[in-house]
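Here is the structure we will look at.
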Amino acid sequence: MAEIGIGFHTDAFNSTHKSFEEALAWAQENDVHYIEPGVVEGACWIHGLGYFPHVSLLEDPALLRRKMESYGVQFSQIDAAYPLSGRDGMSVGVPYVQKAIAWAALAGSPRVATTDGLHKPEGLEDREALDLMKRSYQEIVRVAEAHEVVVNIEVHGYFTTRPDWLEEMLDYCGDTPWLRLNLDTGNTFIAGNDPVEFATRFLDKIDHVHIKDVSPSLAESVRGGATGIALSHVAAGDGVNAENISAILRLLSDRAFDGVLSIECEGQGGPMLADSLAWLRKEVAAAGFTERTPLLPRAA
């Protein structure tokens, strides 16, 4: 029976202004051992005062890793998804992602998430943007290979929600294990794709999965006209995408996927995230997985 990790994105605590350590405490209380935060290059008052559930690249990665181990939690991925498809993808996005990769290696994160922009990039033709992204990803993957950190392309924007373009992007660096796919179940759906068909096409490339349901009202108002959802405002299992998520889990189980499922939802301080977690654990078992608990050293 395949083993799989279950975690959550700390975006779940954005609206309640909780700190990253409060997210760690929630994970410990709910027997969750994987966590996925966004990373920020620099510092700001809202982060320093503890109102921000993500981490700064100024924080010492080894010390943060030790703190996480004391909670029994490790990174599944860090989110460095600055859009790489725009004019500033090379000048801003690339150095940001490269720094995140080096930091991730020291912090014990095996993956870093990247993506494109939500909309057609201003001032660039589609082919120009794709060619710019190719150069960007080649520079990024060169660093990823050196640090042995996987770079995942997240399905989130104008290019990545179009399967043909996504296939081209995943081949930017040839046959490499360091450029893979972060499947987002909600973004594929809201863009108008069939999530199960989408997952089937890229099954061999999937390295990390965002579990995201979609409310009926959101689906009715924007499906096919949007490319990504910042956060789902419905618990996983309570929306119109639940059956697709269940079917994707069965596909992943058949392929012996052993990565991590990271829940993305508006946590409401924890309750909605807890509902999502309970539903996902049932679906994971029904799909034939066992939930993995990593062996972590406990900080003194």
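Keep in mind that this is a model prediction, so the values were computed, not measured.
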Within 6.0 Å of NZ in Lys134, more than 12 heavy atoms from elsewhere: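 No.
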Any donor-acceptor pair under 3.5 Å linking the side-chain atoms of [Y] with those of [X]?
X      : Y      : value
His54  : Asp11  : yes
Asn152 : His208 : no
Arg135 : Tyr172 : no
Thr114 : Tyr137 : yes
His156 : Asp184 : no

Identify whether the distance between the nearest side-chain nitrogen and carboxylate oxygen of [X] and [Y] falls below 4.0 Å.
X      : Y      : answer
Arg201 : Glu167 : yes
Lys67  : Glu59  : no
Arg162 : Asp116 : no
Glu122 : Arg87  : no
Asp131 : Arg127 : yes
Glu69  : Arg66  : no

Flag side-chain contact, heavy atom, 4.5 Å: [X] against [Y]:
X      : Y      : value
Trp165 : Leu130 : yes
Met169 : Thr160 : yes
Thr161 : Thr188 : no

Cluster check Val260, Val112: I/L/V/M/F/W/Y, side chain < 4.5 angstrom: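 Different hydrophobic clusters.
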Ile78 with Val143, same ILVMFWY side-chain cluster at under 4.5 Å: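 Same cluster.
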Closest non-hydrogen atom pair between Tyr34 and Gly5, with its separation: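 So the minimum-distance heavy-atom pair works out to CE1-CA, 3.7 Å.
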Cation over ring face, Arg223 and Phe189, 6.0 Å, 45°: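 Yes, Arg223 and Phe189 form such a contact.
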Candidate list Val234, Ile229, Asn241, Val240, test side chain to side chain contact (heavy atoms under 4.5 Å, CB included), partner Ser215, passing option: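 Only one of Val234, Ile229, Asn241, Val240 forms a side chain to side chain contact (heavy atoms under 4.5 Å, CB included) with Ser215, namely Val234.
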Qualifying residue for side chain to side chain donor-acceptor pair (under 3.5 Å) with Gln77, from Glu154, Arg111, Glu36: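 With Gln77 as partner, side chain to side chain donor-acceptor pair (under 3.5 Å) holds for just one option, Glu36.
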